[in-house]
Amino acid sequence: MSAQPFAQPLAETATSAAPLVHHLAQPLGHPLAASAASLVQSVDWLAVAPPLVAAVVALGVLVADLFLPESRKNVLGWISVAGLAAAALMLLPLLDGDRATFCLTGTGTGTGSGTGSGTGAPRACSYTADHFTLVIQLLVLGGALLAALLSITTLDDDRRRVPPGEFWFLLLSATAGAALLPAARDLATLIVALEVASLPAFALVGIRYGDKRSAEAALKFFLSSVTATAVSLMGVSFVYASTGTLYLTQVAQRLPDTPGQLHTLAQTGVVLTLIGFAFKTAAVPFHFWVPDTYVGAPLPVAAYLSVVGKAVGFSGLILVTVVAFPSYADVWGPALAVLAALTMTVGNVGALRQRATRARSAVRLLAWSSVGQAGYLLVPIAAAGYAKDAQQAIGSTVAYALMYAAVNLGAFAVAAVVGRGRAGNRISDYRGLYATNPVTALLMAFFLLCLAGLPPGIIGLFAKVTVFSAAVGAGLGWLAVVMAVNVVIALFYYLQWTALLFRAPEGETARHRIPAPLTAAIALAGVAGVALSGAPQLVLRFAATGLF
């Protein structure tokens, strides 16, 4: 068979392709090559370093677990602690400015540092390391570090039922997702980061072999979180269909100009997105999973969820409300105000109803207390929908979250100490703690008084005052009244628990040696609480300056 019929078309194709080859062969300075090069951007590795370090250490721990003998598995815990400390240290080089990466080209944003080009176009980047990001990442990584210190002792005591390699991999993976979320500036990255933070947490809650309570807690947590994700995804899809973009700043710009036929779709998308994040913050009526999950999970995991899990939900809620949906402030402002009132009331009443002699009543009270604290955190976000200076209102939430993280983790650390000697971990088990462990009892009293907002816990009082100011300044006087009533309710059970620490113990007292990791966790939380109480105004200034 002759090859001529095939040779002719091939020759013609080669001839016609010559101009294209010529253009591709031009030097980089050629206009066509320059245009192609403008579509390629470098990644700002320094900006993404904090979550990236946590993720790399997670993979390293998982691989190391395959080669370490059973007697050396405790090394994984210290590697994880070192990795979290290194991730937190990576925040220091980012304090000098606002950085961003994974940006759209030609929108007035840079590709490396995220600086504007002066065109006035909205900032359209997927990852931004601004002041808000750094503050929340500090909270997340610091909280995870304290939870990791608590976990070292827990895994040593319960090694047969908790596999260390899987535990540390899951904890670090969840932390990487939690550190990524406050930097997300498009809806897709926001949802992905939310799920990276949530999925490992399901497994952490139910990681103990043969524990039915732990399995039930994980199932409740999983079902509620999956529901929240489904609702959020539907809302995000509606917002994307209405605006044609996923970038938060572009969504904020285009939502007010949505065509009339898409107006209802946009409203539905905004509402569904807010409902999905309300699930993640454990706001009432989406709080039902919290008490059983905290009680069924290993204590360090409950501590992690109470601080880092809340930081994830609230930072996501702040981004979608203040950054993406400011034009719908008349919708989410009143809705969040009502949610705040319901959440703080239900949480504090639930904590008030706990019986001191009930098994695990201490952890259950802290769980209900965390629901009440979530209500306080919602107040400034709701106020941002009414206030002229939304940044100042959001700063109040961030400052309150920093205070709450330090003292709540400290309270969980003391609960871990008491739980080592008394597995029931009842509130009544704390009676006479001062007689056996004076320093631990004094620190626990300090943590509880901070949560109540009483001296010498100045940071707790200052944080509550800033939240009150945000509500009153936004014209939400009724919400400030509801908050005042709830603070009085919370005083009762916090002071009741505090007084129990100094009462005469029943029966014989025995001193227990506190392991070094637990001692370090309590000490770090105590130092943070005392330092914040010494200069509370610096916390608000640090949290509120240049958030976005």
Side-chain angles (χ1 to χ4, degrees), residues 40-65 76-104 109-115 123-148 151 165-201 203-204 246-248 304 307-309 311-312 315-316 319:
V40 180
Q41 52 180 288
S42 59
V43 177
D44 189 344
W45 293 106
L46 184 60
V48 301
L52 183 62
V53 168
V56 170
V57 175
L59 293 174
V61 165
L62 186 64
V63 173
D65 180 56
L76 299 176
W78 293 110
I79 293 174
S80 301
V81 168
L84 290 170
L89 289 175
M90 293 307 299
L91 297 173
L92 295 178
L94 302 175
L95 296 176
D96 59 350
D98 185 3
R99 308 173 72 95
T101 189
F102 305 112
C103 301
L104 284 180
T109 58
T111 58
S113 64
T115 56
R123 192 181 188 89
C125 295
S126 293
Y127 188 103
T128 300
D130 54 15
H131 193 75
F132 172 79
T133 300
L134 300 183
V135 172
I136 300 299
Q137 285 182 340
L138 173 64
L139 191 160
V140 166
L141 295 171
L145 179 62
L146 287 179
S151 302
E166 291 87 333
F167 180 90
W168 292 115
F169 170 73
L170 292 170
L171 182 65
L172 289 166
S173 298
T175 303
L180 171 63
L181 190 137
R185 291 299 183 273
D186 70 69
L187 293 171
T189 306
L190 200 63
I191 295 296
V192 169
L194 194 64
E195 289 313 296
V196 172
S198 300
L199 289 174
L204 284 172
L246 291 173
Y247 290 95
L248 301 184
Y304 175 87
V307 171
V308 180
V312 167
S315 56
L319 289 174

Identify each donor-acceptor pair in which a side-chain atom of residues 188-198 lies under 3.5 Å from a protein atom, sequence neighbours left out, and give them as a table.
| residue | atom | partner | partner atom | Å |
| --- | --- | --- | --- | --- |
| Thr189 | OG1 | Asp186 | OD1 | 3.0 |
| Thr189 | OG1 | Asp186 | OD2 | 2.8 |
| Glu195 | OE1 | Thr229 | OG1 | 3.3 |
| Glu195 | OE2 | Thr229 | OG1 | 2.6 |
| Ser198 | OG | Leu194 | O | 2.8 |
| Ser198 | OG | Lys280 | NZ | 3.4 |

Side-chain donor-acceptor distances from residues 171-182 under 3.5 Å, at least two apart:
| residue | atom | partner | partner atom | Å |
| --- | --- | --- | --- | --- |
| Ser173 | OG | Phe169 | O | 2.8 |
| Thr175 | OG1 | Leu171 | O | 2.8 |

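Atom CG of residue Leu141 and atom CD1 of residue Ile136 lie 11.5 Å apart, to the nearest 0.5 angstrom. Between Leu134 atom CG and Asp98 atom CG the span is 8.5 Å, to the nearest 0.5 Å. Taking SG from Cys125 and CG from Leu248, the interatomic distance works out to 11.0 Å, rounded to the nearest 0.5 Å. If you take OG1 on Thr101 and CG on Leu46, they are separated by 11.0 Å, rounding to the nearest 0.5 Å. Residue Leu170 holds its CG atom at 5.0 Å from CG of Leu204, rounded to the nearest 0.5 Å. For the atom pair Gln137 CD and Leu94 CG, the distance stands at 7.5 Å (nearest 0.5 Å).
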Might you work through the side-chain contact (heavy atoms from CB on, under 4.5 Å) test for Tyr127 and Cys103, ending with a clear yes or no? CA-CA 8 Å; Tyr127 188 103; Cys103 301; over 6 Å; no
Pair His131, Leu95 - check side-chain contact (heavy atoms from CB on, under 4.5 Å), show working. CA-CA 8 Å; His131 193 75; Leu95 296 176; 6.0 Å; no
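Evaluation of the salt bridge (charged side-chain N to carboxylate O under 4.0 Å, His left out) test over residues 168-183, restricted to residues two or more places apart or in two chains, returns none. Residue pairs meeting the salt bridge (charged side-chain N to carboxylate O under 4.0 Å, His left out) criterion with at least one partner in residues 77-91, sequence neighbours excluded, are absent.
Annotation for Tyr304 and Ala144: closest pair CE1-CB, 4.1 Å, computed over non-hydrogen atoms.
Leu52 meets the side chain to side chain contact (heavy atoms under 4.5 Å, CB included) test with Trp45, Val48, Val56; sequence neighbours excluded.
When side chains are defined from C-beta on, Arg99 does not count as touching Thr128, because their heavy atoms never get closer than 4.5 Å.
A donor-acceptor contact shorter than 3.5 Å is absent between the side chain of Tyr247 and the backbone of Arg185.
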